[in-house]
Amino acid sequence: QVQLVESGGGLVQAGGSLRLSCAASGRSFSSNAMGWFRQAPGKEREFVAAISLTGVRTVYADSVKGRFSISRDNAKNTGYLQMNSLKPEDTAVYYCAARGSGWPVSKLDEYDYWGQGTQVTVSS
């Protein structure tokens with residue numbers, strides 16, 4: 001099993017930056033691809049970014065491409081999401097997730113383990 005805990009959320013003005021962290025425990029984090037998803041009030045959970053188990057391959061939603069960067073440090077069992085040039089529409093609860101294979105995918109149903117989420121609020 002893999003347990004995930006997100007941190008780093010908060011309140012920021014439009015144009016600002018935040019870095020989210022996802023700390024993993026249990027079975028080796030390096031054996032799992034990792035993804036970030038977000039859910040705004042009244043909306044469905046949507047894909048943000050994903051990274052392969054080695055960190056070589058990454059996938060981004062079009063809405064965040066060029067602004068967000070996903071990375072991981074397997075020695076620390078931790079994944080990251082660097083968010084720059086934040087917009088009010090980025091406001092959501094952000095979740096990290098892991099899947100039991102190494103390839104990054106954008107489908108929510110493909111992920112097996114989920115964190116509790118961290119709130120990101122971007123003001124105008």
Side-chain angles (χ1 to χ4, degrees):
Q1 301 295 319
V2 176
Q3 293 79 46
L4 307 172
V5 179
E6 304 95 334
S7 63
L11 175 64
V12 64
Q13 293 189 65
S17 298
L18 285 173
R19 190 191 197 194
L20 306 184
S21 297
C22 177
S25 62
R27 287 191 290 172
S28 178
F29 189 51
S30 65
S31 298
N32 300 274
M34 187 268 289
W36 288 92
F37 295 77
R38 66 187 182 186
Q39 187 167 20
K43 296 186 177 181
E44 70 284 352
R45 193 170 299 185
E46 66 175 355
F47 170 75
V48 176
I51 188 167
S52 65
L53 62 86
T54 64
V56 172
R57 301 294 185 186
T58 58
V59 183
Y60 295 93
D62 289 341
S63 60
V64 306
K65 195 172 296 182
R67 299 188 298 120
F68 291 12
S69 179
I70 188 171
S71 62
R72 65 191 298 162
D73 186 339
N74 288 341
K76 296 180 178 179
N77 292 324
T78 302
Y80 304 94
L81 183 68
Q82 177 67 46
M83 305 185 294
N84 299 321
S85 301
L86 283 162
K87 305 174 180 179
E89 49 262 47
D90 295 318
T91 295
V93 176
Y94 283 71
Y95 299 88
C96 65
R99 65 190 299 255
S101 63
W103 205 251
V105 297
S106 62
K107 301 295 185 181
L108 185 151
D109 291 345
E110 295 283 343
Y111 289 83
D112 304 302
Y113 311 105
W114 293 85
Q116 294 296 105
T118 185
Q119 177 71 49
V120 172
T121 303
V122 184
S123 61
S124 301

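Both backbone and side-chain heavy atoms feed into the values below; hydrogens, waters and symmetry mates do not.
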When Tyr95 is tested against each of Arg38, Gln116, Gln39 for side chain to side chain contact (heavy atoms under 4.5 Å, CB included), which residue passes? Gln39
What's the verdict on side-chain contact (heavy atoms from CB on, under 4.5 Å) for Glu6 and Tyr94, showing C-alpha distance, side-chain angles and the deciding distance? CA-CA 8 Å; Glu6 304 95 334; Tyr94 283 71; over 6 Å; no
Please determine whether side-chain contact (heavy atoms from CB on, under 4.5 Å) holds for the pair Glu44 and Leu108, giving the CA-CA distance in whole Å, both sets of side-chain angles, and the decisive distance to 0.1 Å. CA-CA 11 Å; Glu44 70 284 352; Leu108 185 151; over 6 Å; no
Taking atom OH of Tyr80 and atom SG of Cys22, what is their separation to the nearest 0.5 Å? 10.0 Å
In short, Val2 meets Ala24 closest at the heavy-atom pair CG1-CB, 4.3 Å
Could you go through the side-chain contact (heavy atoms from CB on, under 4.5 Å) check for Cys96 and Tyr113 one step at a time? CA-CA 8 Å; Cys96 65; Tyr113 311 105; over 6 Å; no
Would you call the rings of Phe47 and Phe37 parallel, tilted or perpendicular, where under 30° means parallel and over 60° means perpendicular? perpendicular
Shortest non-hydrogen contact from Ser17 toward Gln82: CB-NE2, 4.0 Å
May I ask you to say whether Asp62 pairs ionically with Lys65, meaning some side-chain N is under 4.0 Å from a carboxylate O? yes
Could you measure the distance from the CG atom of Asp112 to the OG atom of Ser101? Nearest 0.5 Å is fine. 8.0 Å
Over all heavy atoms of both residues, which pair between Pro104 and Ala33 is shortest? Give the atoms and the distance, please. N-CB, 4.1 Å
Is Val105 linked to Trp114 within one hydrophobic cluster, defined over Ile, Leu, Val, Met, Phe, Trp and Tyr using a side-chain heavy-atom separation of less than 4.5 Å? yes
Distance (rounded to the nearest 0.5 Å) between Leu4 CG and Thr78 OG1: 10.5 Å
Over all heavy atoms of both residues, which pair between Arg72 and Ile51 is shortest? Give the atoms and the distance, please. NH1-O, 3.8 Å
Separation of Thr118 OG1 from Leu81 CG (nearest 0.5 Å): 11.0 Å
If you round to the nearest 0.5 Å, how far is CG of Leu53 from CG of Asn74? 7.5 Å
Are side-chain N/O atoms of Tyr111 and Arg99 paired as donor and acceptor at under 3.5 Å? no
same_hphob_cluster(Val120, Phe68) at 4.5 Å side-chain heavy-atom cutoff: yes
Considering all heavy atoms, the nearest Pro88-Ser124 contact: CG-OG, 3.5 Å
Could you tell me the separation between the CG atom of Asn77 and the CE atom of Met34, rounded to the nearest 0.5 Å? 11.5 Å
Note: Trp36 and Ser21 closest approach over all heavy atoms is CH2-O, 3.7 Å
Could you please spell out the steps behind the side-chain contact (heavy atoms from CB on, under 4.5 Å) verdict for Met83 and Leu20? CA-CA 8 Å; Met83 305 185 294; Leu20 306 184; 3.8 Å; yes
Counting only heavy atoms not in Glu89 (residues, nucleotides, ligands), do more than 12 fall under 6.0 Å from its CD? yes
